[in-house]
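Start at 1 and go down the list; that is how both ligands and their atoms are numbered. Residues take their numbers from the sequence shown, with the count starting at 1. Please read these numbers as outputs of a predicted model, since none were measured by experiment.
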Amino acid sequence: MSTETKCNPDLVRERAKCTFDVNELINLFYGSEKATKERRHFEDAVLAVKELKDAIPEEYLSHKERYENGVRKATILRDVYRDYKAKHNRDPPPNQITKAVIKDISPFLLHNGMFVPTIAGQGTPEQQAEWLPKAESMQIIGTYAQTELGHGSFIRGLETIATYDPKTEEFVLNNPTLTSFKWWPGGLGSTVNHCVVVAQLYINGKSHGIHPFIAQIRDLDTHKPLPGVKVGEIGPKMGFQTANNGFLGFDNFRIPRKNMLMKNAQVLKDGTFVKGINEKLTYGTMVMVRVGIVGDCSFYAALAATIAVRYSAVRHQSHIKASEPEAQILDYLTQQHKLFIAVASSHVYRNAYLWMEKMYTNVMKELSQDKQDNLPELHATACCLKAVCSRDAGSLVEECRLACGGHGYMASSNLPLTYGVTIAAVTYEGERTVLLLQTARYLMKAWMAALKGKVLSPSVSYLLNSLKESKKPWQNTPEGIVKGFQHVSFGKVKAAYETIQKYMKQGKDYEDAWNLASVQLVKASEAHSRAILCEVSWEAVCSSSASPNLSRVLQQLAQLYLTYWTLETSGDLLLYSNITKDDLIILRDKYEELLVAIRPNAVGLVDGFDLRDEILNSTLGSYDGRVYERLMEEALKSPLNQETVNSSFHKYLKPMMEKAKL
Ligand SMILES: CCCCC/C=C\C/C=C\C/C=C\C/C=C\C/C=C\CC/C=C/C(=O)SCCNC(=O)CCNC(=O)[C@H](O)C(C)(C)COP(=O)(O)OP(=O)(O)OC[C@H]1O[C@@H](n2cnc3c(N)ncnc32)[C@H](O)[C@@H]1OP(=O)(O)O
Ligand SMILES: Cc1cc2nc3c(=O)[nH]c(=O)nc-3n(C[C@H](O)[C@H](O)[C@H](O)COP(=O)(O)OP(=O)(O)OC[C@H]3O[C@@H](n4cnc5c(N)ncnc54)[C@H](O)[C@@H]3O)c2cc1C
């Protein structure tokens, strides 16, 4: 980090006001002092590589140049990772330095994030031995090709076909229609030579559902598409410009039998199909990534909050009191209302991610012992938390951008690009509504079990308690608010269930009744997610090992999250819990007190995310707060400022002006 000496004086004053040890917060957020040290050390190593620095901002490059620059930097970054591993005999620590290097999304994201994990999770030991060393060492580069032009959400409807030919012991891949073309996979456009293709398996004319296959699609030397492969890039998008998303179609393309990933289901040489213990295990990589996305949401909220809070400490505009100098915009309570929820939410998502990671690891261990009982709970929880955190994080990033006024609209603030990347997660890895409806299926089953007095899984056991406790008075404490959100979820689950029953009594079948109740079902899932987020985050701060000074501030942040959402969803609470109008007025006052209490620590709190300037990549958010100098420095990099008079003057403007004289 930069030294305090060159800092904007407002930021120096803000840091002097902080009531806790920022380094303690950093170490707590990232796990330990050792983890912080190792992460920073790795970030230093990456940033020391001169070739990774961009000569001009990415925004001035063409689509093609941006991609090529992305690949160039991704390969250098890959070398740094390899060298680190060779030197330390372990992978680099979790870090976000790719953001400082690629700025947007790495063309290798899908290789590391889904291709390698799918081989590891869906391959037999022999298949892992064949492909993992090559993939991990980047001798082959892959992606995860599932979504098609016609189907993304409903994967049982995928149209890519893999027909087994027992004579040659091969699968024949075909994309018989335009809608069957793979569409979206990252890296597919021009980067990868392999992919996991998810396709419908046919043996002797019989369908056996969707399965993952490994296909080499480009020649390893020439990189030309192999015969029978049609592949290309899908073009510019709202974000993800360097992710290199692509399309792919096969025409009688043959792959050997061993290329079907067969950890779960198998096809024997003679074409016998051996079913796996649970066909949903084929969806395993998606579950893992959904968990990871909750962690990503914490990062994006932290990034946007750091930029907007630092900027708001430096920016002065108007007066709170006419007799005083222009105020720091951070002193306006409305600004605090916009920003502190982003700081608080980043902590909430982080705690939710750590909680989900534990659940994921436990279920994976159980699955390795053929125990599947907790898989439905993992799937349902990963679905709703991914859906709610990604949408909330997108809204928070946008609110931070708006909170920076006109300068937030500048690409150099890095807030527009961050919004584009964050909001994509609402759609990818399972569209929000579709995932919330998956959780709703689970909630309906849990509700039916609750009605029968059965024991419920831990994440939904509050439904049983709420059933018993519905008469208890509201308590205006964090624990009381957590219970309140559980009551809301309980009420919405019950209402959705009863709505389904009502339609069925009217003669509708279950599917139609489900569709008619689905707005309520989605809302029940959202309420369930909110109850989990509130409970998990409050428990995390209460059990944290932080010093009293830090603990006080973390509790304020967690209470801010609880109170913010109480006020945002007060209608639901009035409907489904025993909260009163008076309680809401007390909580409104409490919320304002929390904003005021957090205010002196605002800059310390975002410093506590420890996101260095290169990762923030923002004129507005740097540690030293030299906002105006950086805005001007960046503007001067515009190619239009590299010449005093642009040729368009002579070509168009001057002739127009002269014509106007005639
Ligand atoms: C050591 C711990 C590590 C933890 C992880 C930590 C870190 C992770 C590391 C990295 C990740 C981090 C960041 C991300 C990195 C990279 C990725 C970044 C960008 C990715 C770019 C985007 C990629 C993609 O988008 S890939 C394509 C994704 N596509 C989808 O998500 C499609 C969504 N659709 C579906 O999943 C399914 O179609 C459906 C909606 C679930 C429906 O399926 P269907 O078969 O029709 O089922 P149903 O009939 O509805 O239900 C039947 C039954 O099955 C249950 N079910 C469904 N899915 C699952 C599942 N996955 N697991 C278990 N059970 C499942 C369902 O509930 C139902 O049950 P029921 O009958 O009892 O009710
Ligand atoms: C940036 C980005 C990167 C991606 N990367 C990859 C990748 O690497 N590999 C890959 O395979 N895919 C990738 N995808 C594709 C992504 O997984 C799909 O776009 C996503 O799963 C949503 O599917 P869809 O596009 O078919 O949406 P649709 O399902 O067509 O959704 C459109 C609308 O229909 C609604 N809808 C659909 N079904 C239902 C239902 N059953 N009930 C109620 N409403 C419904 C949705 O809620 C939504 O409002 C990527 C997508 C993006 C945006």
Side-chain angles (χ1 to χ4, degrees), residues 94 98 105-106 108-118 121 142-158 160 179 182-189 192 195-198 209-210 234 237-241 243-246 248 278-297 299 353-354 356-365 367 372 374-380 382-383 386-387 420-421 423-446 511 514-515 518-519 521-522:
T98 311
I105 296 289
S106 166
F108 294 162
L109 175 73
L110 266 289
H111 174 87
N112 297 314
M114 291 192 83
F115 180 68
V116 172
T118 305
T143 185
Y144 183 81
Q146 180 172 288
T147 306
E148 297 170 356
L149 258 178
H151 290 91
S153 291
F154 181 55
I155 50 183
R156 276 188 289 137
L158 295 177
T160 303
T179 49
K182 296 293 174 192
W183 189 272
W184 268 119
L188 187 57
V192 306
C195 52
V196 167
V197 181
V198 181
I210 56 164
I234 63 173
K237 296 137 289 180
M238 187 170 160
F240 267 60
Q241 305 306 352
N244 192 226
N245 300 90
L248 169 70
N278 180 343
E279 59 187 25
K280 298 305 171 201
L281 293 176
T282 311
Y283 300 177
T285 313
M286 290 184 280
V287 178
M288 181 204 78
V289 176
R290 287 171 193 148
V291 173
I293 289 170
V294 177
D296 279 0
C297 291
F299 166 72
Y353 164 71
L354 295 173
M356 278 252 61
E357 191 187 36
K358 258 193 218 140
M359 188 193 281
Y360 178 85
T361 309
N362 284 342
V363 174
M364 290 307 119
K365 199 170 146 208
L367 285 174
Q372 302 172 47
N374 294 317
L375 180 64
E377 184 186 31
L378 170 68
H379 167 58
C383 278
K386 181 270 186 189
V421 169
I423 209 70
V426 179
T427 307
Y428 68 64
E429 221 54 60
E431 194 277 332
R432 172 185 161 82
T433 307
V434 170
L435 293 195
L436 288 171
L437 287 171
Q438 283 289 307
T439 308
R441 281 174 78 109
Y442 181 75
L443 291 173
M444 288 303 103
K445 282 192 174 178
E511 286 86 352
W514 175 273
N515 191 30
S518 58
V519 173
L521 287 162
V522 163

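In terms of N/O distances under 3.5 Å, ligand 2 is approached by Gly152. On a distance-only criterion, His151 and ligand 2 share no N/O pair closer than 3.5 Å. Close N/O approach between Ile155 and ligand 1 is found [any backbone or side-chain N/O within under 3.5 Å]. For ligand 2, the polar-atom distance check against Phe240 finds no nitrogen or oxygen pair separated by under 3.5 Å. Checked against a 3.5 angstrom limit, the closest N/O atoms of Trp183 and ligand 2 fall outside it. An N or O contact shorter than 3.5 Å links Glu431 to ligand 2 by distance. Residue Tyr144 has at least one nitrogen or oxygen atom sitting less than 3.5 Å from a nitrogen or oxygen atom of ligand 2, judged on distance alone.
The heavy-atom pair separating Met114 from Val289 by the smallest distance is CG-CG2, 3.8 Å. Minimum heavy-atom separation, Ser153 to Glu431: OG-CB, 4.0 Å. Residues Pro185 and Tyr144 come closest through the heavy atom pair CB-O, 3.5 Å.
Counting only heavy atoms from C-beta outward, the side chains of Arg156 and His151 never approach each other to under 4.5 Å. By the 4.5 Å heavy-atom criterion applied to side chains, Arg441 and Trp514 are counted as neighbours. A heavy-atom distance below 4.5 Å is not found between the side chains of Thr427 and Arg432. Looking only at side-chain heavy atoms (C-beta outward), Val192 and Phe115 stay at 4.5 Å or farther from each other. For the pair Thr147/Tyr428, no side-chain contact is recorded, criterion being any heavy-atom separation below 4.5 Å from C-beta on. With a 4.5 Å cut-off on side-chain heavy atoms, Leu443 and Thr439 count as touching. Using a 4.5 Å heavy-atom cutoff, the side chains of Met359 and Val291 are not in contact. Residues Ile210 and Tyr283 have side chains in contact (heavy-atom distance under 4.5 Å, counting atoms from C-beta outward).
Closest heavy-atom approach to atom 26 (S) of ligand 1 within the set Glu429, Gln146, Glu431: this belongs to Glu429. Among Lys445, Lys280, Gln372, the residue whose heavy atom lies closest to atom 55 (C) of ligand 1 is Lys280. Of the options Met288, Met286, His151, Arg156, the smallest heavy-atom separation from atom 46 (O) of ligand 1 is shown by Arg156. Scanning Pro117, Gly430, Ser153, Ala243 for the heavy atom closest to atom 34 (N) of ligand 1 points to Ser153. Considering only non-hydrogen atoms, atom 37 (C) of ligand 2 lies nearest to Val434 out of Val434, Leu158, Leu521. The nearest non-hydrogen atom to atom 7 (C) of ligand 1, considering only Tyr428, Tyr283, Trp184, Tyr353, comes from Tyr353.
Within ligand 1, counting atoms from 1 as listed, the ones closer than 4.0 Å to a heavy atom of Gly152 are 32 (C). The atoms of ligand 2 that sit less than 4.0 Å from any heavy atom of Thr433 are 47 (O). Close approach of ligand 2 to Gln146 (heavy-atom distance below 4.0 Å) involves ligand atoms 11 (O). Close contacts between ligand 2 and Glu429 involve ligand atoms 17 (O) [criterion: under 4.0 Å to a heavy atom]. Heavy-atom contacts of Val287 reach the following atoms of ligand 1: 61 (N) (cutoff under 4.0 Å). Residue contact check: Asp296 has heavy atoms under 4.0 Å from atoms 13 (C) of ligand 1. Which parts of ligand 1 touch Thr361 is read off a 4.0 Å heavy-atom cut-off, strictly below it: atoms 1 (C), 2 (C). Numbered from 1 in the order shown, with element, the atoms of ligand 1 that lie under 4.0 Å from a heavy atom of Leu375 read 63 (C).
Tyr360 CD2, 3.6 Å is the protein heavy atom nearest to atom 4 (C) of ligand 1. Ranking protein heavy atoms by distance to atom 30 (O) of ligand 2, first place goes to Ser153 OG, 4.9 Å. What sits closest to atom 41 (C) of ligand 1 on the protein, heavy atoms only, is Gln438 CD, 3.4 Å. The protein atom (non-hydrogen) at minimum distance from atom 60 (C) of ligand 1 is His379 ND1, 3.3 Å. The shortest contact between atom 12 (C) of ligand 1 and any protein heavy atom is with Gly292 CA, 3.6 Å. Looking only at heavy atoms of the protein, atom 73 (O) of ligand 1 is closest to Arg441 NE, 2.8 Å. Atom 14 (C) of ligand 1 has as its closest protein heavy atom Val289 CG1, 3.6 Å. Atom 20 (C) of ligand 2 has its closest protein heavy atom at Thr427 O, 3.3 Å. Ranking the protein heavy atoms by distance from atom 8 (O) of ligand 2 puts Gly186 N, 3.1 Å first. Scanning the protein heavy atoms around atom 7 (C) of ligand 2, the nearest turns out to be Pro185 CA, 3.4 Å. When hydrogens are left out, the protein atom nearest atom 18 (C) of ligand 1 is Leu109 CD2, 3.4 Å; that is the closest non-hydrogen contact.
Using a 4.0 Å cut-off between heavy atoms, Thr147 contacts ligand 2 through both its backbone and its side chain. The backbone and the side chain of Trp184 each have at least one atom closer than 4.0 Å to an atom of ligand 2 (non-hydrogen atoms only). Contacts of Asn245 with ligand 2, taken as heavy-atom pairs under 4.0 Å, involve the side chain alone. Only side-chain heavy atoms of Leu437 come within less than 4.0 Å of ligand 2; its backbone N, CA, C and O stay farther off. No part of Arg432 comes within 4.0 Å of ligand 2, judged by heavy-atom distances. At a 4.0 Å heavy-atom cut-off, ligand 1 touches Val434 through the side chain alone.
Here the CG-NZ distance, from Leu367 to Lys365, works out to 12.5 Å after rounding to the nearest 0.5 Å. If you take CE on Met364 and CG on Leu378, they are separated by 5.5 Å, rounding to the nearest 0.5 Å. Separation of atoms OH (Tyr360) and CE (Met288) is listed at 5.5 Å; rounding is to 0.5 Å. With rounding to the nearest 0.5 Å, the separation of CG in Asn244 from CG in Leu109 is 11.5 Å. Note that CG of Leu375 is 10.5 Å distant from NZ of Lys280, once rounded to the nearest 0.5 Å.
Glu357 and Tyr353 share a donor-acceptor pair across their side chains, judged by distance under 3.5 Å alone.
Judged by distance alone, the side chain of Thr143 and the main-chain N or O of Gly186 form a donor-acceptor pair under 3.5 Å. The backbone N or O of Thr160 lies less than 3.5 Å from a partner atom in the side chain of Glu148, making a donor-acceptor pair. With hydrogens and angles ignored, the 3.5 Å screen pairs a side-chain donor or acceptor of His111 with a backbone N or O of Gly142. Side-chain atoms of Lys386 never come within 3.5 Å of backbone atoms of Val287 as a donor-acceptor pair (strictly under, hydrogens ignored). Under a 3.5 Å cut-off, the side chain of Lys182 and the backbone N or O of Gln146 do form a donor-acceptor pair.
Using a 4.0 angstrom heavy-atom cutoff, Arg290 counts as in contact with ligand 1.
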